[in-house]
Trainee: 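The structure that follows is given in the form of structure tokens.
Note on naming: letters A, B, ... go to the chains in the order of the sequence lines (proteins, then strands), and numbering restarts at 1 for each one.
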Amino acid sequence: MLRAPRGARDIRPDEQKYWRHVEGKAADLARRHGFRRLDTPVFEDSSLFARSVGAGTDILDKETYSFLDRGGDSLTLRPEGTAPVCRAYMEGGMGSLPQPVRLYYFCPVFRYDRPQAGRYRQHHQFGVEVLGDGSPLVDAEVVRMAWALMADLGLKDVSLLVNSIGDSQCRPGYVRELRAYYSERAGRLCADCKQRLDNNPLRLLDCKKESCRPMQEDAPASSEHLCADCREHWDYLRRYLDVMEIPYAVNHRLVRGLDYYTHTVFEILPPEEGAQTTLLGGGRYDGLMEQLGGRPTPGVGFATGMERLILNVQRQGVAVAEEEAPRYFIAALGDEGVELALEIADGVRATGAGVTMGSRGRSLRGQMRNAGSLGIPQVIIIGRDEAAAGSVTLRDMTTGRQSTVPKGEFLGGLQPPSG
RNA sequence: GUGAGCGUAGCCAAGAGGUCUAAGGCGCCUGGCUGUGGCCCAGGAGAUCGUGGGUUCGAAUCCCAUCGCUCACCCCA
């Protein structure tokens, strides 16, 4: 039996309503904030991610799908959405558009992980990015969007964590202090954290090992070692969030897994405990564009996992709009009946209504059953009598009432397409 | 990448070495109603018991491997 590759899955008709719910709310949210959609390729030149995500991160070192194409170019299946957006911004000359440029995207992303519920090798992200404005006002706008998305989706009891990790001015000093703090306690660190002390000291702060936890409480906090600019940025952000009455918690252990973040980082968590729970993550990345070889351009954004949003929408029993069944089902009998059915179906579809054709050769009873189980409200019956007379029998499946009318009258009585 | 649990038709599942050419329910198809759905009744299709190997006279059932899913770790959306 052939199956989808490990960690990849089909999105079947029955679950499409959840996808439409999330996509619809997200796209509308973006529209209401003045964001425009950008689609980028599923694969990129491998060097794009090497320069953005950063060597030393798990995402780049052990989770990318990279391959040589037939021309010998090294390509990588997109493991995240921000770097491609920045690349497209530069390549598309968006730096000469009115600034800032507000963009959003829906895209599949690929990471070679060990799959679990809510964690896939191919998953889908919705993300937004604001490029070309370094002010804390846009940080606040992006955080607001993230928070509003949860409400729009109907998700309850999610929590918002916010932190500032400084910039190239103050971070080196902070990291030195953090390293010093942990070096004194190196003996008590777990094996992973001993590694982190060398390659990624910020990650020491979110180690989940019991033995490492006590040390995190007293570790120096980045938000208390900010330079003047960062301090001001951080203060403004919190002030704006307060004005908008967005309930956030400052968490000094919040750091993000990608190297390019500066200033603001934030995350939204669902109520349930568990491993792969992060619903949404984002932050500011003022150095990224330069790292990619472009002009210095500030940026801020977030990305959220569609599968995880949907998982939570389902767990919380949020009511989502049902997919609408076609309005009509045509049950035809005999060659003449089928031919008239084709004509009627054309006419009905031209008005914008949906029509499902019954199966040729199936008994009327079988076709009626079919219509009933598909939940179609109106059945157009075309048998020998109707075909001979050029008429149709219309049966309302909810009331059980039916009547026979000439086909011209039936088609003429349909509502014309709107819009 | 590490550790653990699970794996019987599209779905839910009975089954614990011979009575399994694998029960039952949902769903699907057909008929009872030669042109009328939903309820009821009858019949039918659909499973190499995840896959491969082994133990045994005999394996869905025991063992090993492998694949997949789930949980924890790791990582992150």
Trainee: Using 4.0 Å as the upper bound for N to carboxylate O, is an ion pair formed by A:Asp139 and A:Arg284?
Mentor: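 Salt bridge flag = yes for A:Asp139 with A:Arg284.
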Trainee: What does A:Gly281 touch in the nucleic acid at a heavy-atom separation under 4.0 angstrom: a base, only the sugar-phosphate, or nothing?
Mentor: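 Here A:Gly281 touches the backbone only, sparing every base.
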Trainee: If I take atom CD in residue A:Glu15 and atom P in nucleotide B:C11, what distance separates them, rounded to the nearest angstrom?
Mentor: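 To the nearest whole Å, that distance equals 13 Å.
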Trainee: For atom P, what is the distance between B:C28 and B:C39, given to the nearest Å?
Mentor: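 Result for the P pair: 10 Å, nearest Å.
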Trainee: Contact class for A:Tyr120 vs. all strands (heavy atom < 4.0 Å): base, sugar-phosphate, or nothing?
Mentor: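 Base contact.
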Trainee: Look at A:Glu44 together with A:Arg78 and state whether they make a salt bridge at an N to O cut-off of under 4.0 Å.
Mentor: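 No salt bridge links A:Glu44 with A:Arg78.
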Trainee: Pick the closest RNA chain B nucleotide for A:Arg362 and for A:Pro5 by heavy atoms, then say which residue is nearer the 5' end.
Mentor: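 Closer to the 5' end of RNA chain B: A:Arg362.
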Trainee: List in numerical order all residues of residues 387-403 of chain A for which some heavy atom is under 4.0 Å away from an atom belonging to RNA chain B.
Mentor: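 Of all residues in residues 387-403 of chain A, the ones placing a heavy atom under 4.0 Å from RNA chain B are A:Arg395, A:Met397, A:Gly400, A:Gln402.
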Trainee: What interatomic distance, in whole Å, is found between C1' of B:C63 and the corresponding atom of B:C73?
Mentor: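 Looking at atom C1' only, B:C73 and B:C63 are 29 Å apart.
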Trainee: In whole angstrom, what separates A:Arg12's CZ from B:G10's C1'?
Mentor: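 From A:Arg12 CZ to B:G10 C1': 9 Å.
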Trainee: Return the nucleotide paired to B:C73: Watson-Crick means purine N1 to pyrimidine N3 with N6-O4 or O6-N4, wobble means G-U with N1-O2 and O6-N3, both under 3.5 Å.
Mentor: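 For B:C73, the partner nucleotide comes out as B:G1, under the 3.5 Å rule.
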Trainee: Is there a donor-acceptor contact under 3.5 Å from the side chain of A:Arg327 to the main chain of A:Ala353?
Mentor: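 No, because the side chain of A:Arg327 does not come within donor-acceptor range (under 3.5 Å) of the backbone of A:Ala353.
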Trainee: Mapping A:Arg369 and A:Ala8 onto RNA chain B by nearest heavy atom, which one lands closer to the 5' end?
Mentor: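 The answer here is A:Arg369.
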Trainee: For nucleotides B:C6 and B:G15, find the distance between their P atoms and express it as a whole number of Å.
Mentor: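 The same atom, P, in both gives a distance of 16 Å.
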Trainee: Side chain of A:Glu386 only, please: which of B:G37, B:A77, B:G35 is the nearest?
Mentor: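 Of the options given, the side chain of A:Glu386 lies nearest B:G35.
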Trainee: Students often mix this up, so state it plainly: with edges at 30° and 60°, are the rings of A:His124 and A:Trp19 parallel, tilted or perpendicular?
Mentor: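 Ring orientation, 0 to 90° scale: perpendicular.
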Trainee: Under 4.0 Å: is that the gap between some side-chain N or O of A:Ser373 and OP1 or OP2 of B:G37?
Mentor: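 Negative; the distance criterion is not met.
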Trainee: Answer yes when A:Glu15 and A:Arg9 have at least one side-chain N-carboxylate O distance shorter than 4.0 Å, and no when they do not.
Mentor: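 Yes, charged N to carboxylate O under 4.0 Å.
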Trainee: Under a 4.0 Å threshold between the charged nitrogen and the carboxylate oxygen, would A:Arg238 count as salt-bridged to A:Asp242?
Mentor: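 Answer for the salt bridge query: no.
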Trainee: For B:A13, which nucleotide is its Watson-Crick or G-U wobble mate, given both distances must be under 3.5 Å?
Mentor: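 Its partner is none (no Watson-Crick or G-U wobble pair with both distances under 3.5 Å).
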Trainee: Hey, is the main chain of A:Arg119 close enough, under 3.5 Å, to the side chain of A:His123 for a donor-acceptor pair?
Mentor: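 Not at all, since once roles are kept as given, no pair shorter than 3.5 Å links the two residues.
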Trainee: Less than 4.0 Å between a side-chain N and a carboxylate O, is that true for A:Glu129 and A:Arg102?
Mentor: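 No, no charged N to carboxylate O under 4.0 Å.
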Trainee: Look at all strands and tell whether A:Gly81 reaches a base, only sugar-phosphate, or nothing, counting heavy atoms closer than 4.0 Å.
Mentor: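 Answer is nothing: A:Gly81 stays at 4.0 Å or more from every strand.
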Trainee: Does the pair A:His33 and A:Arg144 meet the rule for a side chain to side chain donor-acceptor pair (under 3.5 Å), with working shown?
Mentor: CA-CA 10 Å; A:His33 287 78; A:Arg144 188 209 112 78; 3.1 Å; yes
Trainee: For atom C1', what is the distance between B:G5 and B:A22, given to the nearest Å?
Mentor: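 Straight-line distance between the two C1' atoms is 25 Å.
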Trainee: What's A:Ile381 touching, base or sugar-phosphate or nothing? Going by heavy atoms closer than 4.0 Å.
Mentor: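 The answer is base, as A:Ile381 lies within the cut-off (heavy atoms under 4.0 Å) of a base atom.
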Trainee: If the C1' atom of B:U70 is compared with that of B:G50, how far apart are they to the nearest Å?
Mentor: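 To the nearest whole Å, 15 Å.
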Trainee: Using the P atoms only, state how far B:C76 lies from B:U55, rounded to an integer number of Å.
Mentor: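 Each nucleotide's P atom is 48 Å from the other's.
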Trainee: Between A:Gln367 (CD) and B:G31 (P), how many Å, whole number?
Mentor: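 Checked: the CD to P distance equals 11 Å.
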Trainee: Tell me the partner of B:G37, counting only Watson-Crick (N1-N3 plus N6-O4 or O6-N4) or G-U wobble (N1-O2 and O6-N3) with both under 3.5 Å; none if nothing fits.
Mentor: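 Looking at the geometry, B:G37 pairs with no nucleotide.
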Trainee: Rounded to whole Å, please give me the gap between CZ in A:Phe110 and P in B:C76.
Mentor: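 Interatomic distance, CZ of A:Phe110 to P of B:C76: 19 Å.
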Trainee: Sugar-phosphate means primed atoms, P, OP1 and OP2; the rest is base. With that split, encode nucleotides 1-7 of chain B 5' to 3' as B, S or - using protein heavy atoms under 4.0 Å.
Mentor: BBBB---
Trainee: Give none if B:C6 has no partner; otherwise give the nucleotide forming a Watson-Crick or G-U wobble pair with it, both distances under 3.5 Å.
Mentor: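 The answer is B:G68, by the H-bond criterion.
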Trainee: Send over the distance from A:Leu364 CG to B:G31 P, rounded to a whole Å.
Mentor: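 The distance from CG of A:Leu364 to P of B:G31 comes to 11 Å, rounded to the nearest Å.
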Trainee: Can you list the residues that meet the side-chain contact (heavy atoms from CB on, under 4.5 Å) rule with A:Leu97, with sequence neighbours excluded?
Mentor: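 Testing A:Leu97 for side-chain contact (heavy atoms from CB on, under 4.5 Å), a comparison that skips the adjacent residues, returns A:Met94, A:Gln99, A:Val101.
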Trainee: Whether A:Glu343 and A:Lys407 form a salt bridge (side-chain N of Lys/Arg under 4.0 Å from carboxylate O of Asp/Glu) is what I want to check.
Mentor: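 Result for this pair is yes, salt bridge flagged.
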Trainee: Does OP1 or OP2 of B:U36 have a side-chain N or O of A:Ser363 closer than 4.0 Å?
Mentor: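 No.
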Trainee: Given atom CZ of A:Arg365 and atom C1' of B:A42, what is their separation to the nearest angstrom?
Mentor: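 Those two atoms, CZ and C1', are 11 Å apart.
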Trainee: With P as the reference atom in both, quote the distance from B:U66 to B:C20 in angstrom, rounded to an integer.
Mentor: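 Pairwise P distance, B:U66 against B:C20, rounds to 34 Å.
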Trainee: Give A:Ala371 one of three labels, base, sugar-phosphate or nothing, depending on what nucleic acid heavy atoms sit under 4.0 Å from its own.
Mentor: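 Counting heavy atoms under 4.0 Å across all strands, no contact is made by A:Ala371.
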Trainee: With a 4.0 Å cut-off on N to O distance, would you call A:Arg3 and A:Asp10 a salt bridge?
Mentor: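 No salt bridge links A:Arg3 with A:Asp10.
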Trainee: Tell me the interatomic distance from A:Leu311, atom CG, to B:U70, atom C1', rounded to whole angstroms.
Mentor: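 Going from CG in A:Leu311 over to C1' in B:U70 covers 13 Å.
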Trainee: Work out how far the P atom of B:C29 is from that of B:A45, and round it to whole angstrom.
Mentor: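 Pairwise P distance, B:C29 against B:A45, rounds to 16 Å.
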Trainee: Now, which nucleotide makes the Watson-Crick or G-U wobble pair with B:G46, with each of the two distances under 3.5 Å?
Mentor: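 Its partner: none found.
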Trainee: Without decimals, in angstroms, what is the distance between A:Leu333 CG and B:C33 P?
Mentor: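 For the pair A:Leu333 CG and B:C33 P, the rounded distance is 18 Å.
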Trainee: Report the base-pairing partner of B:C62 (Watson-Crick or G-U wobble, both distances below 3.5 angstrom), or none.
Mentor: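 Paired with B:G54.
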